[in-house]
Amino acid sequence: MDAIGYLETTGLPSAIVAADKMLKTAAIGLTGLENTKGGGWVTVGIHGDVAAVSVAIEVGQQIVGDAYVSSVVLGNPAPGVR
């Protein structure tokens, strides 16, 4: 694993659609879906090489449209960061 990425959306349906599209677009793995505290936001966690994670996050942003909240890609994360 060279990178991890997180995409935060409004609502579970948007997160599921984003995760599905991201997994079909790039060679990545799904770390999980997690409800955040308040606001109805859901975080989608992915892992893979830096290029694949970056592409997947971009695709996820585009597919959720207005439900997009935030995202981040961490290349070569420190041990224990996940």
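Throughout, numbering of the chain's residues begins at 1 and tracks the sequence.
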Q. Quick one: does V53's side chain get under 4.5 Å of L74's, heavy atoms only?
A. no
Q | Any residue meeting side chain to side chain contact (heavy atoms under 4.5 Å, CB included) with L33, in chain and number order, not counting sequence neighbours | A | L12, A15, I16, A19, V42, V44
Q. Does a side-chain heavy-atom distance below 4.5 Å link D2 with N76?
A. no
**Q.** NE2 on H47 to OG1 on T31, rounded to 0.5 Å
**A.** 4.5 Å
Q) Between S71 and L7, which heavy-atom pair has the shortest distance, and what is it? A) CB-CD1, 3.9 Å
Q) Can you tell me how far CD of Q62 sits from OH of Y68, rounded to the nearest 0.5 angstrom? A) 11.5 Å
Q) How many angstroms lie between CD1 in I63 and CE in M22, if you round to the nearest 0.5 Å? A) 10.5 Å
Q | Point-to-point distance, once rounded to the nearest 0.5 Å, from OG1 of T9 to CG of D66 | A | 12.5 Å
**Q.** Y6: side-chain hydrogen bond (donor to acceptor under 3.5 Å, both in side chains) partners, not counting sequence neighbours
**A.** none
(Q) Determine whether a donor-acceptor pair (N or O, by modelled atom type, separation under 3.5 Å) exists between the side chain of S14 and the backbone of V64. (A) no
Q: Answer with yes or no whether the side chains of T43 and E34 bring together a donor and an acceptor at under 3.5 Å.
A: no
Q. Looking at residues at least two apart in the chain, or sitting in another chain, which of them share a side chain to side chain contact (heavy atoms under 4.5 Å, CB included) with E58?
A. none
Q) Which atom pair, heavy atoms only, marks the closest approach of G75 to A3? A) CA-CB, 4.1 Å
Q: Over all heavy atoms of both residues, which pair between A56 and I28 is shortest? Give the atoms and the distance, please.
A: CB-CD1, 3.7 Å
